[in-house]
Amino acid sequence: MQVVVAGQGYVGLPLAVRAAEVGHRVIGYDVDADRVRQLTAGQSVVEDVSSARLRAVLKSAAYSATTDDAGLAGFDIAVITVPTPLRDNVPDLTYLEACALTLGAHLRVGGTVVLESTTYPGCTEELLLPILEKASGLRAGMDFLAGFSPERIAPGNKRWSFDGTPKIVSGIDATSLHEIKRFYDGIFQTTVPVSGPKVAELAKLLENTFRLVNISLVNELATLAAPLGVNIWEAIDAAATKPFGFTRFTPGPGAGGHCLPVDPLFLSWKVEQELGVPFRLVQLADDVNRHMPDYVVQRVVDGLRRRGLPIEGSRVLLLGLTYKYNATDLRNSPSARVAELLTGLGADVYGADPNVPEGDISKLNVPRVDANPQEVAAADAVVLLMDHTRFDLTMIEKDAPYVLDCRNRLSGTNVETL
């Protein structure tokens with residue numbers, strides 16, 4: 001089939017490359033000219049797709065990247081993987097709307113459009129379909145097919161591969177579901193059909209709301225356990241020995257990335273808009289998560305004070321700036337807020353993360369250094385935000401005068417655990 005994947009980022013590029021590898025003719029469409037130039041040159045922009053894989057599908061002509069929507073004409077199936085961010089806790093669907101207009105202009109009778117971008121229950125049928133119909137002059141379910149299939153991208157996950165993760169699929173009618181399932185059956189090892197787009201949309205939000213609520217639960221417990229004289233990490237380890245009814249989550253400086261700080265609030269917004277009531281649990285979990293950087297900073301301030309040092313003028317080294325273990329992604333990382341708060345208190349803040357590309361740490365407005373013995377020893381406080389495997393933890397234990405360990409990986413008289 002001729003396949004269009006609109007959006008060539010963390011979600012779209014892995015799908016486009018995999019679709020090309022299984023035999024489809026794939027056009028990766030993106031409005032970012034710099035990104036398209038990189039892809040056309042065989043340089044991958046995401047960690048889950050190697051440049052070697054990208055160059056292979058480029059060489060075979062199974063895949064091409066473009067900013068020119070004229071090349072989208074005549075597609076059999078188009079998959080939308082554009083960003084759907086929040087702006088002041090309200091879904092910003094402008095990228096989705098613009099993409100739908102572009103695809104609608106090239107939609108033909110018998111074509112299929114699938115939305116993968118995360119959104120609220122009802123968006124596929126209430127927002128996407130009317131735009132496609134208006135732009136194309138065709139009727140959904142009569143002239144073209146459509147559905148929703150939520151992305152389940154987990155950057156850097158070594159246990160669950162892209163195609164090995166079960167794929168939820170839905171359609172606006174039985175024919176749409178059949179064709180969408182047939183497409184994804186050729187890409188994923190397992191597909192999970194559901195009765196309609198609203199179920200698939202809610203399932204995606206449920207997955208991430210579950211994680212946010214449980215992460216926020218253990219984060220708040222971490223702030224309470226220490227004053228109670230209890231080691232929260234030991235308590236979690238003990239609870240995790242229960243073989244049923246418990247899922248292990250651990251504390252940290254806050255949940256980041258493109259899902260947890262965003263997706264549950266889509267659901268909260270929709271509930272308030274549609275039902276006029278608050279989704280209290282999501283709002284509380286979001287509040288706890290957002291304030292974890294404040295707690296981390298207060299622990300650093302207290303730790304320095306006990307050592308006779310004021311926070312103002314102290315040299316603080318932040319280790320591990322990405323939102324996720326061994327990842328390269330800084331999106332919505334709590335490290336940005338930690339750095340901002342420490343800088344605001346007058347600390348001399350530096351950041352080290354061997355996984356982050358050279359220019360990206362500048363987004364945090366802190367100087368970049370290497371996590372070497374000299375930098376670690378020179379810091380008045382070292383904060384281990386993310387315990388990447390590329391860090392020498394033994395060296396940090398040995399050389400750091402004082403460490404706040406947010407991941408429970410270090411030990412010693414100079415180490416405090418979150």
Side-chain angles (χ1 to χ4, degrees), residues 7 9-11 79-97 99-100 114-131 146-155 165-172 180 192-220 247 249 252 254-292 323-324 329 331-334:
Y10 285 86
V11 177
V79 184
I80 300 173
T81 64
V82 298
T84 48
L86 286 172
R87 309 289 185 197
D88 298 320
N89 288 343
V90 175
D92 178 0
L93 302 176
T94 53
Y95 298 109
L96 171 56
E97 292 166 346
C99 185
V114 184
L115 177 61
E116 284 204 10
S117 305
T118 303
T119 186
Y120 57 83
C123 182
T124 301
E125 293 158 297
E126 297 164 8
L127 177 72
L128 176 62
L129 295 189
I131 296 174
F148 180 79
S149 180
E151 59 89 3
R152 280 175 164 170
I153 296 293
T165 303
K167 181 70 166 164
I168 295 174
V169 295
S170 72
I172 59 171
I180 292 169
V192 183
V194 297
S195 60
K198 281 188 177 181
V199 174
E201 289 161 340
L202 182 57
K204 170 62 177 179
L205 298 181
L206 177 58
E207 293 170 13
N208 287 333
T209 300
F210 172 83
R211 291 171 60 208
L212 175 67
V213 167
N214 281 282
I215 290 171
S216 296
L217 169 65
V218 295
N219 276 340
E220 185 160 31
T247 301
F249 289 85
H258 63 295
C259 290
L260 296 195
V262 176
D263 295 354
L265 298 182
F266 270 84
L267 186 54
S268 180
W269 174 85
K270 182 61 173 179
V271 167
E272 289 221 34
Q273 291 290 308
E274 197 89 352
L275 307 178
V277 297
F279 194 165
R280 293 174 295 171
L281 194 59
V282 165
Q283 292 175 353
L284 182 59
D286 179 63
D287 183 70
V288 170
N289 179 55
R290 288 180 186 276
H291 283 89
M292 280 308 292
Y323 80 91
K324 188 176 180 181
D329 194 352
R331 282 178 298 172
N332 296 315
S333 175

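For reference, positions follow the sequence shown, starting with 1. Remember, it's a predicted structure, so these values are computed and weren't measured experimentally.
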K.L.:
According to salt bridge (Lys or Arg N to Asp or Glu O under 4.0 Å), who are the partners of K167, at least two apart in sequence or on a separate chain?
P.N.:
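With neighbours one apart ignored, the set is E116.
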K.L.:
If you define the side chain from C-beta out and look only at heavy atoms, does anything of L115 sit under 4.5 Å from L96?
P.N.:
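SC-SC contact between L115 and L96 confirmed.
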K.L.:
With heavy-atom distances below 4.5 Å as the criterion, would you say the side chains of F148 and V194 are in contact?
P.N.:
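With C-beta onward as the side chain, the pair stays apart.
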K.L.:
Between Q273 and Y120, does a side chain to side chain contact (heavy atoms under 4.5 Å, CB included) hold up when you go through it step by step?
P.N.:
CA-CA 11 Å; Q273 291 290 308; Y120 57 83; over 6 Å; no
K.L.:
Distance check, rounded to the nearest 0.5 Å: D287 atom CG versus R280 atom CZ?
P.N.:
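If we round to the nearest 0.5 Å, D287:CG and R280:CZ are 15.0 Å apart.
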K.L.:
When rounded to the nearest 0.5 angstrom, what distance separates OG in S216 from NE2 in H291?
P.N.:
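The OG atom of S216 sits 12.0 Å away from the NE2 atom of H291.
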K.L.:
Is there side-chain contact between L267 and V282, with heavy atoms separated by less than 4.5 Å?
P.N.:
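Contact flag for L267/V282 side chains = no.
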K.L.:
Who are the ring pair (Phe, Tyr, Trp, His ring centres under 6.0 Å) partners of F266, not counting sequence neighbours?
P.N.:
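For F266 there are no ring pair (Phe, Tyr, Trp, His ring centres under 6.0 Å) partners, ignoring immediate neighbours.
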K.L.:
Measure across E201 and G122 and return the closest heavy-atom pair with its distance rounded to 0.1 Å.
P.N.:
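Scanning both residues, the minimum pair turns out to be OE1-N, 2.6 Å.
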K.L.:
Would you call the rings of F249 and F210 parallel, tilted or perpendicular if under 30° counts as parallel and over 60° as perpendicular?
P.N.:
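Aromatic pair F249/F210 classed perpendicular.
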K.L.:
For the side chain of T81 and the backbone of S117, is there at least one donor-acceptor N/O pair under 3.5 Å apart?
P.N.:
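No; zero donor-acceptor contacts below 3.5 Å.
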K.L.:
Is there a side-chain contact between P264 and F279, using heavy atoms and a 4.5 Å cut-off?
P.N.:
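With C-beta onward as the side chain, the pair stays apart.
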K.L.:
Is there a side chain to side chain contact (heavy atoms under 4.5 Å, CB included) between N214 and T247? Walk through the geometry before answering.
P.N.:
CA-CA 9 Å; N214 281 282; T247 301; 6.0 Å; no
K.L.:
Can you tell me how far apart OG (S170) and NZ (K198) are? Round to the nearest 0.5 Å.
P.N.:
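Nearest 0.5 Å value for the OG-NZ distance: 12.5 Å.
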K.L.:
Looking at every non-hydrogen atom in both residues, tell me the closest pair between R87 and D92 and how far apart they are.
P.N.:
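Result for this residue pair: NE-OD2, 2.8 Å.
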K.L.:
Taking the basic N atoms (NZ, or NE/NH1/NH2) and the acidic carboxylate oxygens, is any pair closer than 4.0 Å for K270 and E126?
P.N.:
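Looking at E126 together with K270, the answer is yes, because their closest N to O distance falls below 4.0 Å.
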K.L.:
Taking it one step at a time, do T118 and N208 satisfy side chain to side chain contact (heavy atoms under 4.5 Å, CB included)?
P.N.:
CA-CA 11 Å; T118 303; N208 287 333; 5.5 Å; no
K.L.:
Show the nearest heavy-atom pair for residues A200 and P150, with the distance to one decimal.
P.N.:
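Where A200 meets P150 most closely, the heavy atoms are O-CG, 3.8 Å.
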K.L.:
Might you work through the side chain to side chain contact (heavy atoms under 4.5 Å, CB included) test for T165 and I153, ending with a clear yes or no?
P.N.:
CA-CA 9 Å; T165 303; I153 296 293; over 6 Å; no
K.L.:
Could you check if a side-chain atom of I168 sits within less than 4.5 angstrom of a side-chain atom of E207, using non-hydrogen atoms only?
P.N.:
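Result yes, sub-4.5 Å side-chain heavy-atom pair found.
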K.L.:
Testing the basics here: between L205 and T119, what is the closest heavy-atom pair and its distance to 0.1 Å?
P.N.:
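Heavy-atom minimum between the residues: CD1-O, 3.5 Å.
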K.L.:
Please name the pair of heavy atoms, one in A100 and one in L128, separated by the smallest distance, quoted to 0.1 Å.
P.N.:
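Minimum heavy-atom contact is CB-CD1, 3.6 Å.
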K.L.:
Distance check, rounded to the nearest 0.5 Å: K204 atom NZ versus R152 atom CZ?
P.N.:
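The distance works out to 8.0 Å.
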K.L.:
Kindly compute the distance separating CG (L217) from CG (N289), expressed to the nearest 0.5 Å.
P.N.:
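Rounded to the nearest 0.5 Å, the CG-CG separation comes to 12.5 Å.
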K.L.:
Tell me the closest heavy-atom pair linking I172 and P197, and the distance in Å.
P.N.:
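In terms of heavy atoms, the two residues are closest at CG2-CG, 4.1 Å.
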